[in-house]
There are 2 protein chains.
Amino acid sequence: MLLITILKIYISKISKFKCNQNLQQKFFSLYKKKMVWNLKRNPLKRLVPVPSDIEIAHEHKCKPISQLCSEIGLEPDEYELYGHYKAKIDHRIPMEMDKLKQGKYVVIAGITPTPLGEGKSTTTIGLAQSLAAHLNRNTIACIRQPSQGPTFGIKGGAAGGGYSQVIPMDEFNLHLTGDIHAIAAANNLIAAAIDARYFHESTQNDAQLFNRLVPKHPGKPRKFTLIQLRRLKKLGIPIDLDPEKFTTEQKAEFARLDIDLDTITWNRVVDCNDRFLRKITIGQSSTEKGLERKTQFDIAVASELMAILALANNLEDVKDRVGKIVVAFSKHDPPRPITCDDLGVTGAITVLLKDTIKPTLVQTLEGTPILVHCGPFANIAHGNSSIIADKMALDIVGPEGFVLTESGFGADVGLEKFINIKSRDSGLVPDCVVLVCTVRALKSHGGGPAVTPGAILAKEYKEENIELLQNGLINLRRHIENITRHFGLPVVVAINKFATDTEAELKMIQEDAINNGAFDACIAQHWQLGGEGAIDLAKSVIECCEKASNNFKFLYDLEDSLETKIEKIAKKIYRASEVEFSEKAKQRLELYEKLGLGSLKICIAKTPLSISHDPNLKGAPEGFRFPIKDIRASVGAGFLYPLAGEITTMPGLPTRPAFYDIDIDCESKIIEGLF
Amino acid sequence: MLLITILKIYISKISKFKCNQNLQQKFFSLYKKKMVWNLKRNPLKRLVPVPSDIEIAHEHKCKPISQLCSEIGLEPDEYELYGHYKAKIDHRIPMEMDKLKQGKYVVIAGITPTPLGEGKSTTTIGLAQSLAAHLNRNTIACIRQPSQGPTFGIKGGAAGGGYSQVIPMDEFNLHLTGDIHAIAAANNLIAAAIDARYFHESTQNDAQLFNRLVPKHPGKPRKFTLIQLRRLKKLGIPIDLDPEKFTTEQKAEFARLDIDLDTITWNRVVDCNDRFLRKITIGQSSTEKGLERKTQFDIAVASELMAILALANNLEDVKDRVGKIVVAFSKHDPPRPITCDDLGVTGAITVLLKDTIKPTLVQTLEGTPILVHCGPFANIAHGNSSIIADKMALDIVGPEGFVLTESGFGADVGLEKFINIKSRDSGLVPDCVVLVCTVRALKSHGGGPAVTPGAILAKEYKEENIELLQNGLINLRRHIENITRHFGLPVVVAINKFATDTEAELKMIQEDAINNGAFDACIAQHWQLGGEGAIDLAKSVIECCEKASNNFKFLYDLEDSLETKIEKIAKKIYRASEVEFSEKAKQRLELYEKLGLGSLKICIAKTPLSISHDPNLKGAPEGFRFPIKDIRASVGAGFLYPLAGEITTMPGLPTRPAFYDIDIDCESKIIEGLF
C-alpha cells in the first residue's frame, strides 16, 4: 500500500506537467493488476474436536469490510457499504475479454452426492483460504446466496462449515443485501400485472382499453411510453404513428393481449418453505368477478429472474432478458407468446432489480474475500453463481490471481450447465475443474445403506470398508471421464476428508482418480484445519492451471435441434440409451421450434442423487431410458428446461422446523441456533 | 466541530491524570446536547413554474450520508451505511424520560382530506427544512416508509413534493434498507408455520408429535428449546420437568395446538397491489392431503408486525410483542388463543426483524436529516411513524432541538391514535400539533363537487369561491376543537398554499382558525419555495412550543370497558350519537373481555374521508349512528381494531398502472417515471 501511495503522489506530481491523463491511468491500472494484495490474514483459533459452526463463527471477528475492500485494491467509489461487514461491489468490468480474463478461473464441481451434500461449498471456501491467506495468491471465491427457506426449515446452512466458513454467518443466511427480496418483489409484480391485465381486458372493450392504456392529458399530445414502444415494434406497428390515427384493428391489436389462462407459467414466489402454497386458487373475492384460476407459489430462488440475473453480463442485459420473458401464451391460433414487454412492466422490473446486479463482498474466517451473488435453482435453472461476480472477481484478482466458482449438484448437472449455459453466455473458459468427493458418497455408490438426513448414519460410513469404496469409485471415474472427454478440461480431485476416513480408503481414491485421468487427487482437511488443510489441493490447482492441457469444448451446438441437444446431454453425459419424450413434451418441442425458440440452450431438471433420472440408480448407470415428461421455457434466461421427473419448487416445513432452535439475545444481539 | 475536537483533545489530556471517566462522559455528552449542529445547507435550485417532483429530485445532489451523520453529531459506531446516501441509525436511546425528552416534539396532523391528500408529508418535510436549514434549530423529521404497492400501482409517491422532498427519491420509494421486505419474510414464516403445524398435527398422534418436537439425540439429554419453555410456562407445566417424565396428558397438552381453521386471522402478505390474492384457497396440492382452506394475502404494510415495530421501544419489546401475537384460536371450549410462542417461532421472527428496529437516515433537498421508519396502515393499525425513531431523534436533536413526526389520515383518526395508542406506549407528550389544511379540502367540505384521483379538478377548486370555503371551515373548527378540548394540546394551523388560492381565501382561513382556538394559523409555501416558504410556520411552531399551555390528556382510560373506550372515541371525537355493535362485534367483545384482553387499546378502522364512518358525510357531521361490524385483535401491537365499514387490505392495479411510465437508463442508472 505504501508503494501505491508513493506512486499516486508521483503521478499527481507529474500530472502538473500535463502529461497524458490516459497514459497515467493505464500505467497505474497495469501496476495495480500486477500487484499482490496486502491481505491481512485473520488467524484461526482452532480447537480439537472442532466445535459447532456457529460457535466457530462467534469466535472469529470480521475485519471491517471497508478494510478488506482496500486490501484487495478497490477504490471507495467501487463499493457501497451495507453495514460494517457487507459491501455491494460496483466494479466496472472490462468489455474486452483479453483484458478481463488473465487470471485463473477454477470451477468447483462434485461427484453425485448423498442427500447430506459432500462439501463443495466448504471446499470452495477452504481452497480460497489456502490460496489467498497461505499461498499469497490473489483469490476470490464466488458463491451463491442461500434461500431463507432452508435456514428456517431443515437444519443446514450454506456458509461452509468447520474452519472454512463465510462470516458474518447470520447476515449471510438472512437478508444479506436484500437481493432475494428484490427478486421476489419484482417476480410478484409481474404476476400481479398478468392477472390484473386479464381482469381489465375481460371487463372493457378494445376502445376503452386503448384509451386507458394511452390516456389523453389535457393540453398534451397523446403518446406511448418507452415500454409501450417495445410492444409496438413487436407487433410491426410504426412507432411514430399518432395514437389518434390508430385504426380499430390496430387499437385492438395493441391493447388486447388475450391471455390464455391455462398457459400462464409465471408463478408467484415467497422466500419461505410454505407447502400450502404449492397449489392454490386465486381471484375468489367478489371484486374479481368470478375470474378465479389455479396457480402456485414457488420458493423465491426458483424465479426465472434469479436465473436471468445469474446469467446476465450487465444491467442492459438484465433488461433485455426481462423484456423477453414469456409468461403465458395468447388465445390466438397459433398462440403468441406474451412477454414482459407486452405487459409494459420491463422498466419497472429493471428498476426493482437495479442494485441486485452488484455482488456482495463478505469474508472467510481467515479474512479472505468472498463474492456472494445470485442463487438459481440447480434443476429448473442452471444452479451456478453469477457471471457478473465471476467477471468482477477475475478483474479484481488480476493476471496472477485465482477465481473459484461453484456449480450446483453433481458434475453431470451443475458442471454440464456451467459449460453449456453459463460459459456460453459469459465467454469465460475455466482453467481447471476441482471435483469434490467423499468416502461417504463413494461408499453409498458402491452399495452402502441409504443415507437419510436426520437419521443416524450407518456404521459402514464410519468404519473402514474397502469393498464398498472400491465398488463406488465408478461414480468418480464417470465424472472424471465426462469432464475430460466431453468438456476437454483437466480435473483435480479433492477428497473432502472426514474424521472417520482411513488412510487406506483415502489412498485408494487418490490412486484410482489419477489412474483414471485426473490431473491430481488431494486429501483436503480444510473443515478441520481451515486454509492450512487445503494447501496440497491449492498447490495442485495452481499447477493444473499452469500446466495441464485444456481442450475446452461445448457438448452441443446451439444450431442443433432441440431434440438433438437433449439427446446429446442424456446419452453422452448421463449415458442413457434412449430419450423418451412424452406426448406433451413432443408438442412443446414442436411449439418452441415453431416460435423460433429452437436455438435456446437446454437446462435439464432432474434429480442430483443419480447421474440418471432415477435417484435409486447409484454408481454409474448406463443403458437406461431417460424420460422427459414436459418441457418448459425460460426465454429470458435463454433456456428450455425439460422435466425428467417431479421437481418440487416449494419445500415444506417439517414437524419441528429449524426455527425452534433460533433465538436472539436482545441485549448482546447474539443469535443462537442458526445452524 | 473544531470546538469538539479541541474538547476531545483536552479531555484525552486530562484523562491521563485518571480523572473520573464517568464525569468526563457526562460533561462531554452535556456539551454535545447543547450543541447547535453545523449543518451544511444544500441550496435549492428553484425554478418558476415548479418542475415535476422527479425533475427537482434529479437536479439536487445528496450529501454523502456519512457527512450528514457527522454534522448531526453521530459517532461512526452509531450508524451503518447502506450505500452512499442511506444509513441505518443505531443510536442508544436513554432509558430515563427526563434525559430523553428535552427537545420539542411536534406532531403533524391534518383536517379530513380529499382522496388527493392535503400535503401532510410535504408540510412535515418543508417545516423541517425551515427549522433546520433556515432557523438553525436542530431538527429531525420522522416519517413513514411507503409501501411499494402504490409506487407501481397508482401514481403518487410519499417523498413529499415540489421543493420539499426526501432524496434520493428512488431509494426512498423502492427497497430503502429492506425493512418492509424483512417484515414480509417474517410475516410469511408465521403463516407457513401455522399451516404446516396444522398439517403435521392432523397426520400424527400425540406421542409422535411430542417425540418430533422434543427429539432424542444420541448421547445427549432430551431438552426443550428456549422458545418451547415459553409455551410450557403458559401451560403451567414446570419448565424443569424432564421431557422423559411427561405424562400422556402433558405430552398432548404441550404438543397439540388444535388450531381451529376457521379462526385463523393471520394472513400472508406481499408488498404489491395484487387483487387476485384478496381471497384464495390454499393447500390444494395432493401433498397436503385435502386440508385446503380459504385465506387471503394483505399488502405487506398491513402486517401486525409492522404495527408492532412502530410501537416497540426496543428489540426486547419487539420480541415480547411477537410472542404474544394471537394468530388463531384452538378448538377447545372455551377456545384458547394460539400465539407465536405456541408455534415456537418467536425467536426466528425476532432474528428476521433484528435490523428493522434501526431507523434509516436520509435527507431533504436542503440537506436536513430525515428518519424513515415503519409504515403501519392508518386504519387497521395506528398509522404513525415509529416510537424508536421519535425517541432517537429527540435524543439526537438535544434540549434545544425539534422533532417533527407525522400521523396518518385526518386528526380524528391519526392523531387520536397518536395520543391514545402511540403516546401511551412511548410516554412522550407532544408540545404542539400542526394541523395541515388546504383551500381545496375545505371547499370540498363546504359542498364542493367530488374530488376524484385521475379526473380533472372542478373549477370551484381553481377559482376563488368564498362561500364554499366559508361552509367548509366547519371541518377545520371541529378538528381544532377536538385537539384542544379532548387532547389538551395547542394547535398551529398550516395552510398548505396552492397556486390557485386567493389572498381572501387564505386570510379567511387564518382568521377563522385563530378565532376558533388555534394558537396561530400560517400560510405555508414550502412546496413552491422549500424551507424558506415555511419560515412563518416554523416561527409559530417554535413560539407555540415555548409559550402555549399544554394540558395533555388521554381520551379514555385503559381500565374502561372495551365498549366504553369505543364509545368515547365515536361520541367525543367523531360525534356519533350512538354506536351500533353488530351481533358478531358483541360476541367478540365478550370473548376478548373473557380472555383478559379488556385492557387493550382501541384502533378504529374507518374511512379517512369523513370524521364519521361514511365518506359522503363531509364537513363536521353529528348525530349519526356509528356501526361496528366486527372487532379484530392485534394482541402483539396491543390493540383491538373495530371495523366500521369495509377496509381493503389489498389494493389492486388499474388498467394502466404507474409501472408503464417507469424505466431506467442502464448506462447512467437514471430512473424515469417514478412519479
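Being a predicted model, the structure only gives us computed values, none of them experimental.
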Residue selection (most heavy-atom pairs with chain A, distance under 4.5 Å) from [options]:
options: Ala196(B), Gly149(B), Gly283(B); value: Gly283(B)
options: Thr287(B), Asp90(B), Ile357(B); value: Thr287(B)
options: Tyr79(B), Tyr198(B), Phe297(B); value: Phe297(B)

Looking at side-chain heavy atoms only, is the closest gap between [X] and [Y] below 4.5 Å?
X: Asp663(A); Y: Ile227(B); value: yes
X: Leu174(B); Y: Val351(A); value: yes
X: Gln204(B); Y: Thr655(A); value: yes
X: Ile280(B); Y: Thr281(A); value: no
X: Pro215(B); Y: Arg656(A); value: yes
X: Asp274(A); Y: Asn188(B); value: no

Where does [X] contact chain A at under 4.5 Å (heavy atoms): side chain, backbone, both or neither?
X: Leu189(B); value: both
X: Cys666(B); value: both
X: Phe224(B); value: neither
X: Arg293(B); value: neither
X: Lys294(B); value: side chain
X: Asp271(B); value: neither
X: Ala300(B); value: neither
X: Asn273(B); value: backbone

Check: So, does His200(A) use its side chain to make a donor-acceptor pair with the main chain of Leu653(B) at under 3.5 Å?
Finding: yes

Check: Is a side-chain N or O of His175(B) found less than 3.5 angstrom from the main chain of Leu352(A), in a donor-acceptor match?
Finding: yes

Check: Using non-hydrogen atoms only, which part of Pro64(A) is less than 4.5 Å away from chain B: side chain, backbone, both, or neither?
Finding: neither

Margin query: Which atoms of Ala193(A) are under 4.5 Å from chain B, going by heavy atoms: the side chain, the backbone, both sets, or neither?
Written below: both

Using 0.5 Å steps for rounding, measure from the [atom1] atom of [X] to the [atom2] atom of [Y].
X: Phe276(B); Y: Gln284(A); atom1: CZ; atom2: CD; answer: 11.0 Å
X: Lys279(B); Y: Ser286(A); atom1: NZ; atom2: OG; answer: 7.0 Å
X: Ile349(B); Y: Ile662(A); atom1: CD1; atom2: CD1; answer: 9.5 Å

Margin query: Only heavy atoms, only distances under 4.5 angstrom. Which residues in residues 315-323 of chain A are near chain B?
Written below: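 Contacts with chain B: Leu315(A), Glu316(A), Lys319(A).
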
Notebook entry, point to check: So which heavy atom on His84(A) is nearest to which on Pro76(B), and how close?
Noted result: CE1-O, 4.1 Å

Next item on the list: Taking all heavy atoms of Gly83(A) and all of Glu80(B), pick out the closest pair and write down the distance.
Entry: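 That closest heavy-atom pairing would be CA-CB, 3.6 Å.
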
Item checked: Check against salt bridge (Lys or Arg N to Asp or Glu O under 4.0 Å), Glu171(B) and Lys354(A) -> CA-CA 11 Å; Glu171(B) 304 287 341; Lys354(A) 77 181 171 66; 3.2 Å; yes

Check: Any salt bridge between Glu292(B) and Arg278(A), counting N to O under 4.0 Å?
Finding: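 No, no charged N to carboxylate O under 4.0 Å.
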
If you tally heavy-atom pairs under 4.5 Å against chain B, which of [options] wins?
options: Val345(A), Thr350(A), Ile180(A), Asp665(A); result: Val345(A)
options: Arg212(A), Arg275(A), His181(A); result: Arg275(A)
options: Ile456(A), Leu277(A), Leu226(A); result: Leu277(A)

Notebook entry, point to check: With sequence neighbours excluded, what pairs up with Arg197(A) under the side chain to side chain donor-acceptor pair (under 3.5 Å) test?
Noted result: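 Listed in chain order: Glu201(A), Tyr660(B).
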
